[in-house]
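In what follows, a single structure is set out as structure tokens and then discussed.
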Amino acid sequence: MTFQEMRDQQLEIAKKAVFEGSLEQVKRFVAVDMSANSFLQGDDAPLFAAAVLIERGNKTPLEVATATMKPEIPYRTGFLAFREAPVILAALEKLKGDFDLIWCDGNGLMHPRRAGIATQLGVQLEKPSLGVAKQPLTGKYEDVPLEAGAHKPVIASSGETLGFALRSKRNTKLIYVSPGHKCDVDSALEFVLEHLDGLRIPYPTRLAHDASNAARKEAQG
DNA sequence: GCGACAG
DNA sequence: ATCTTGTCGC
């Protein structure tokens with residue numbers, strides 16, 4: 001698939017995406033992440049994904065599923081989902097329990113074409129989704145106070161609010177929250193705020209990150 | 001044009 | 001994303 005084709009596909013996905021809705025009814029959600037040792041093994045190192053089923057308000061996972069796959073394309077900024085989505089979907093298919101939100105590592109609306117990995121996964125599975133990223137991909141925002149919980153909207157050049165820059169922990173680097181599908185920017189922020197536990201990285205992201213790493217280390221060294 | 005650039 | 005120990009700061 002060429003970059004032009006991937007761009008066109010992202011525009012189609014963004015067209016189908018709904019950046020409206022509340023997450024008040026979410027009872028169970030799944031946090032997903034991926035791990036690969038590209039540092040030592042190169043761009044074609046096998047990918048290991050994890051899907052962690054979480055009950056709202058309970059830090060102990062209900063279920064963990066993993067999957068592995070060879071990457072079809074190298075990582076390119078703005079096209080993360082084309083590399084990671086296949087193995088993440090494979091892990092999600094192994095999950096026995098159902099869920100009503102997908103919590104992703106990366107962006108959703110906060111993307112040059114409004115179609116980050118959270119949006120791509122949400123639209124494909126027709127479920128609400130949100131993205132939590134450690135780096136912003138696009139947009140501008142004002143300085144964020146150093147207090148935990150402080151946040152500022154991330155604004156596109158069009159004036160559209162894409163998500164929030166969030167101080168998830170006092171005096172630490174920001175994280176970036178955006179809706180993926182079937183929720184609005186404020187609902188995505190509220191949901192993430194609800195799942196902070198004193199550390200910079202929200203625990204759902206941490207659980208998925210640790211689970212994907214554990215799967216890789218078990219299969220490799 | 002130049003630089004920056006999710007994981 | 002990935003490796004790795006200590007060390008500095010709150």
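A note on names: the letters A, B, ... follow the listed sequences, proteins ahead of strands, and every chain is numbered from 1.
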Return yes if a side-chain donor-acceptor contact under 3.5 Å exists between A:Ser35 and A:Arg216, otherwise no.
-> yes
5' to 3', nucleotides 2-7 of chain B under a 4.0 Å protein heavy-atom cut-off (B base, S sugar-phosphate only, - none) gives ---BBB
Side-chain donor/acceptor of A:Ser212 to backbone N/O of A:Ala208, under 3.5 Å = yes
Pairing annotation in dot-bracket form, given for DNA chain C with Watson-Crick or G-U pairs under 3.5 Å and | for cross-strand partners = ..........
In this structure, OG of A:Ser157 is separated from CD1 of A:Ile155 (nearest 0.5 Å) by 11.0 Å
Separation of A:Thr138 OG1 from A:Leu109 CG (nearest 0.5 Å) = 10.5 Å
Sequence neighbours excluded, which residues qualify as side chain to side chain donor-acceptor pair (under 3.5 Å) partners of A:Lys127?
-> A:Asp98
Near-ring test A:Tyr141/A:Phe164, centroid separation under 6.0 angstrom | no
To the nearest 0.5 Å, how far apart are CZ in A:Arg28 and CD in A:Glu55?
-> 5.5 Å
Please name all residues satisfying side chain to side chain donor-acceptor pair (under 3.5 Å) with A:Glu20, sequence neighbours left out, ordered by chain then number.
-> none
Nearest-nucleotide 5' precedence on DNA chain C, A:Arg216 against A:Arg170 = A:Arg216
Which atom pairs link the protein and nucleotides 4-9 of chain C when you take only N or O atoms and keep those under 3.5 Å?
none

Flag the pair A:Arg83 / A:Arg76 as yes when at least one side-chain heavy-atom distance between them is below 4.5 Å, and no otherwise.
-> no
Quick one: stems for DNA chain B, with Watson-Crick or G-U pairs under 3.5 Å, at least three in a row?
-> none
